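Please read the structure below before turning to the comments.
Residue numbering restarts at 1 for every chain, and letters A, B, ... go by the order of the sequence lines. Just so it is clear, the structure is predicted and the values come from calculations on it, not from any experiment.
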Amino acid sequence: MIVTLKWLNDFVDLSGLSIQEIADKFINIGFEVEEIIDKSKGMERVKVGRITKLTRHPNADKLQICTIDLGNDETVQILTAATNVFEGALVPAALDGADLPNGVKIKTTNMRGEESQGMLCSGEELCIDDTVYPNALVDGIMILDESTIPGQQIAEFLGLDDVVFDIKVLANRPDCQSVYGLAKELSAGFERKFKEPELKINNTKCSMPLKIDVETDKCPFYLGCVVKNIKLAPSPKHIQNRLKSVGITPRNNIVDFTNYVLHEFGQPLHAFDYDKIENSNIIVRNAQDKEKIVCLDGETHELNSNIVVIADKKKPIGIAGIMGGKEFSITEDTKNVMIESAIFDRVAIRRGARSLGMRTDASARYERGVETISAVNGMNRILSLISEFNIGEVSENIVSVGKLQNDKRTINLPYAEIEKTLGISIELDEILKILNNLDITTTVRGDKIECIIPLIRVDLERPVDLIEEIIRFYGFDKISYRYCENTSSIAGGMENLLKVEQNAVQYMMATGAHQVRTYGFRSPTEFDKLMLPDKDLLRECVKIENPLSLDYSVMRTEMIGSLLYIMALNSSRKNKDVQIFEVGKIFTNEKDKKDNLPIENKILAYLTSKNVDFFEIKTITEMLAGKFGVTFSYKPIVIPFMHPNICAEIIIGNKNVGFVGKVHPQVTKNFAINHDCFYFEINLNKLPPKKERKVKPLPKFPAAERDLAVVVMEDTPVGNMIEIIKKAGGEILENVELFDIYQGEQVEQGCKSVAVKLMFRHHDRTLTQEEINEGFNKILSRLETTFDAKLRA
Amino acid sequence: MEKTEMILQEAIKEISKIVDKHELMAFSTKYLGKNGILSEQMKILRELPIEEKRSFGESLNILRDKLNDLVKTKDKEIEFSLLKEKLEKEKVDVTIPAKPKEYGTMHPIEILKKDLIDYFIERGYTLRDGGDIETDYYCFEALNVPKEHPAREMQDTFYIDSETVLRTHTSAMQVRTMESTQPPIKMISAGNAYRIDEVDATHSPVFGQLEILVVDKNVTMADLIGTLEGVVKHLLGEKTNIRVRPSYFPFTEPSIEADAVCPKCQGKGCSMCKCSGYIEMLGAGMVHPKVLEMSGIDSTVYKGFAAGIGLDRLAMMKFGVSDLRDLYENDINLLKQFK
């Protein structure tokens, strides 16, 4: 919301306050100031002067000597090289000490023997263009019209003697989408009297026929009034200046007044050419599907039944609350106008504006909510302006449809609740003063304050809303801090999964990997890059209804794509030996039973471009298993984006919790990565909770070690052999350690020798030689029967 | 001088010249061997008359012990000098650079997140986890943002379907927590939030957020501001002050925003605070009674406060990152700087 200092001053006297003080007040009462522009900056020492005498410089052909009358018997001599000046012309004269808007500093100088006490300015030097003053950008000095007098400040003449504030108004304060509303806040903030504008309407005896039919429930209140014999002309200069200051281009008095009132009171108004309305009968109705209208923007808009239109018997004449129709707009031929001041349903306007892709000043206000009282105020305000400037004859009847909501809300505020919420006690007198400054009528009844709320304050519904008003104006800086000393103590801590996640991050850092952070969005095209078959489960993803772009249109079902994408960037920058990891979420299309939401899983994913082998990566997953307090087993698995022969699924019990291996070289290529990558991922949601730590007593009896070497077929999985050994060894087999796999001389072709160290121990006695032999033989015989193993000689 | 003493003196003299194990072996044989000097003396002992036997026998015993000691000591000496020789050969140039092996790093936004989590866990808060995909109810309705509420415009939302959204704030965890836990509640939740924002130097459609929620009998605005001051000081330094100003969130009332007085320029305006003198830190407020009621908490007995801290821009400010995209690009040369 853009407001100007002068405009605010119409409603509250802000004299004696600096710009900064006003800005600080806005901030302290909850209105962020996004920008402040002092429009007269740099023009403080620029005045209007009249050239009374013009002579040639005796020593310089191109210079002329101007004698300038600055009014009040003040005269200066200024030299100029411009050729468009003449005796009697009114010009902007920058005087000694001026610091012009374009950065030029003016000093009295001597030019070839003649003194110049300043500089005559062009529009460019004052940083203004034709929108501020006609022909401002003429080549040479700006020649001013005769509506000014020598000595006037140029900023004042140009209507630039004002300060513009751009204020952020939050969604709960539709009433502050107006100069009126913001001025009211400042009035309470500075405790200065609020000046209600005087509204004087000169009704004439004229009465023009006007019939209004509202045929939709989306228009709860509609006012129409006819103004006869309008005198269309540019609006008064100060109104034009204010509109320009807030970014609205002046058109003509009628249109400018509607915009002026919109800005001042927050009430959207519209003026229609009365004589073009069929039978003087306005119909407010829902649009028909595919109905068309050409609007003020010159475009043809196709409507739908969610949109409300203002129409006559024949056709729509405007889109309600959004934009008027071109055919019914005010032109030079317009004689009589119908002014509309209405209330339209917030949601209907929002949907309508969205479906049309149009957002106007009017629609923006309706979307936030406008109260019926505002329609009355707005109508009165424009009619008073029309009367004041004698633009036309105001019809004596204002046609009104719908009910004016003027039941004021009452809120009973328990006094004690204020301290209970804020943590400080505030004197009752102070509280009443603050509320009264906001036009809230108060009566103290026992331990409660009865508050009657002004109609425009729709945001005030409950006692706590009033408590906010009190502290807003009392000042948050008056609250002395407390630190929850009076709250109960609770254990605190974190959920198991979060602990697992923190542990995983710490461990991954110790391996030298760098944590990355990626978006959970995916482009569906990435499924192809990952070579996922058509019906692959990972293609079953959660889709976003309104994505930013195709690249961000679905939620990821795998982590590897995110990391490959980061790897590709690093690879393109020639970053070598990259090791990255992330604990990220993947999203499945499967829904959980409780909330019917897609199931999310936290995945620890790791990717490296280091020149490593599978087992170096498996070492990491094994160490993680230790850290998580679980045992992983590994089985070969084929995954579309992984190397078909270097990839293992990671299993706990019989549950798949992840996989580890080499990324399929075609996939790395698809991601424009030009080297091999190894990858693993572990689904943290699938890890069992870590067991409580309990110490196991250290062994008291000696262990016995035996080496066992067997020959098996070369494709026998060693991991499976070790599992069988563990099973066969039973309780007394404490550990199995693989120490050699050998192929070559002394071993039959197509076979390999596998050697392990077996450690036997009993926890409460020393094992006998017989027991150890028995254990050893059991293991051997199981290997023989399961894998056709032969004891190596 | 007695005979034994003479032998001992001779032996000491002789052993002092020995430098290797070989010579020591010879020495040992010469004195202590089967036919060595000590054995010779034992033979003499046997010949002696009984009255001399006793004292000479004792002297010989002492001599044997002393000779054994001499050999043992010398043996150790030789072992040690051998070790010294070996160590000398093992000399390395310790100035040769080591093979590179580095610790990994945490992502800057995660560093900040963990720092805040640790801060609040130490103060007795419970960390809770929530889903990125949330129901419209928990993200909006239960937070006093009914459908078509203008506040929905404040947070442009990604929809999965009409009842499912990517959560626009971690505040979605407030009601979930209050529904499942009776007060007293001290909860934090950290995670991702999503809003429709094109990616640029200061915007990202995904951002990290930390939610704080306290519900108890004696919780006031003063406790909220004190808590916020504490966390701001923790993040920006003990001397940092905060400024509190009114704001609006549908789920808190009164609502506030807390800014830190810029620690670099003390409010005068500098590059760190973009000349404003303040750094926007977080939004907060007293939990709206409607929200407490919708979560099944008696708002006449309990009050609560809630706050949300955006992590991305805080990380940018704290680590001097000028473009948010740098934090999501994940160039390891940038990540490596966060050791």
Identify which part of [X] has an atom lying under 4.5 Å from any heavy atom of chain B, answering side chain, backbone, both or neither.
X	answer
Asn575(A)	side chain
Val516(A)	both
Glu582(A)	neither
Ile490(A)	both
Ala510(A)	both
Ile29(A)	backbone
Phe521(A)	side chain
Lys602(A)	side chain
Ile599(A)	neither
Lys543(A)	backbone
Pro547(A)	backbone
Glu469(A)	neither
Phe581(A)	side chain

Quick one: what part of [X] sits under 4.5 Å from any heavy atom of chain A, side chain, backbone, both or neither?
X	answer
Tyr194(B)	side chain
Ile185(B)	backbone
Ser276(B)	neither
Asp197(B)	backbone
Asn241(B)	neither
Thr300(B)	backbone
Phe305(B)	side chain
Phe207(B)	backbone

Between Arg573(A) and Asp331(B), is a side chain to side chain contact (heavy atoms under 4.5 Å, CB included) present by the stated rule, with each step listed?
CA-CA 8 Å; Arg573(A) 294 188 182 165; Asp331(B) 187 317; 2.9 Å; yes
I need the residue from [options] with the largest number of non-hydrogen atom pairs under 4.5 Å to chain B.
options	result
Ile424(A), Ile467(A), Ile544(A)	Ile544(A)
Thr487(A), Asp577(A), Val578(A)	Thr487(A)
Asn596(A), Val505(A), Leu569(A)	Leu569(A)
Met555(A), Gln579(A), Arg173(A)	Met555(A)
Ile566(A), Ile471(A), Leu548(A)	Leu548(A)
Leu422(A), Ile479(A), Asn486(A), Ile27(A)	Leu422(A)

Treating Asp216(B) as the side-chain partner and Ser488(A) as the backbone partner, does any N or O pair qualify as donor plus acceptor under 3.5 Å?
yes
Heavy-atom donor-acceptor pair, Asn330(B) side chain to Asn570(A) backbone, under 3.5 Å
no
Quick one: does [X]'s side chain get under 4.5 Å of [Y]'s, heavy atoms only?
X	Y	value
Glu280(B)	Glu32(A)	yes
Asp595(A)	Tyr138(B)	yes
Thr105(B)	Gln515(A)	no
Leu170(A)	Ser247(B)	yes
Tyr519(A)	Ser204(B)	yes
Ile133(B)	Phe587(A)	yes

Count the heavy-atom pairs under 4.5 Å between each of [options] and chain A, then report the option with the highest count.
options	result
Asn192(B), Ile188(B), Leu224(B)	Asn192(B)
Asn218(B), Ile225(B), Ile160(B), Val244(B)	Ile160(B)
Lys147(B), Glu134(B), Lys217(B)	Glu134(B)
Lys101(B), Glu329(B), Arg123(B)	Glu329(B)

Which is it for Asp132(B) and Glu600(A) under the side chain to side chain contact (heavy atoms under 4.5 Å, CB included) test, yes or no, and what are the steps along the way?
CA-CA 8 Å; Asp132(B) 290 20; Glu600(A) 303 178 10; 3.9 Å; yes
Using a strict threshold of under 4.0 Å (side-chain N to carboxylate O), is an ion pair present between [Y] and [X]?
X	Y	value
Glu417(A)	Lys303(B)	yes
Arg245(B)	Asp24(A)	no
Arg462(A)	Glu253(B)	no
Arg243(B)	Asp477(A)	no

Take Ile256(B) and Phe476(A), measure what side chain to side chain contact (heavy atoms under 4.5 Å, CB included) needs, and give me the verdict at the end.
CA-CA 9 Å; Ile256(B) 59 169; Phe476(A) 280 96; 3.3 Å; yes
Ring centres under 6.0 Å, that's the criterion: do Tyr552(A) and Phe158(B) meet it?
no
For residues 106-122 of chain B, tabulate all N or O donor-acceptor pairs below 3.5 Å that involve a side-chain atom, not counting sequence neighbours.
{"residue": "His107(B)", "atom": "ND1", "partner": "Ile109(B)", "partner atom": "N", "Å": "3.2"}
{"residue": "His107(B)", "atom": "NE2", "partner": "Leu327(B)", "partner atom": "O", "Å": "2.6"}
{"residue": "Glu110(B)", "atom": "OE1", "partner": "Lys113(B)", "partner atom": "NZ", "Å": "3.3"}
{"residue": "Glu110(B)", "atom": "OE2", "partner": "Arg517(A)", "partner atom": "NH1", "Å": "3.2"}
{"residue": "Lys114(B)", "atom": "NZ", "partner": "Asp118(B)", "partner atom": "OD2", "Å": "2.9"}
{"residue": "Asp115(B)", "atom": "OD1", "partner": "His234(B)", "partner atom": "NE2", "Å": "2.9"}
{"residue": "Asp115(B)", "atom": "OD2", "partner": "His234(B)", "partner atom": "NE2", "Å": "3.3"}
{"residue": "Tyr119(B)", "atom": "OH", "partner": "Gly230(B)", "partner atom": "O", "Å": "3.4"}

We want to know whether Thr227(B) and Tyr481(A) form a side-chain donor-acceptor pair, criterion being a heavy-atom distance below 3.5 angstrom.
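No donor-acceptor contact under 3.5 Å links the two side chains.
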Does atom NZ (Lys576(A)) have a neighbourhood of more than 12 heavy atoms from anything else shown, all under 6.0 Å?
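It does not: Lys576(A) NZ has 12 such atoms or fewer within range.
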Could you go step by step and tell me if Tyr248(B) and Val169(A) meet the side chain to side chain contact (heavy atoms under 4.5 Å, CB included) rule?
CA-CA 10 Å; Tyr248(B) 169 68; Val169(A) 177; over 6 Å; no
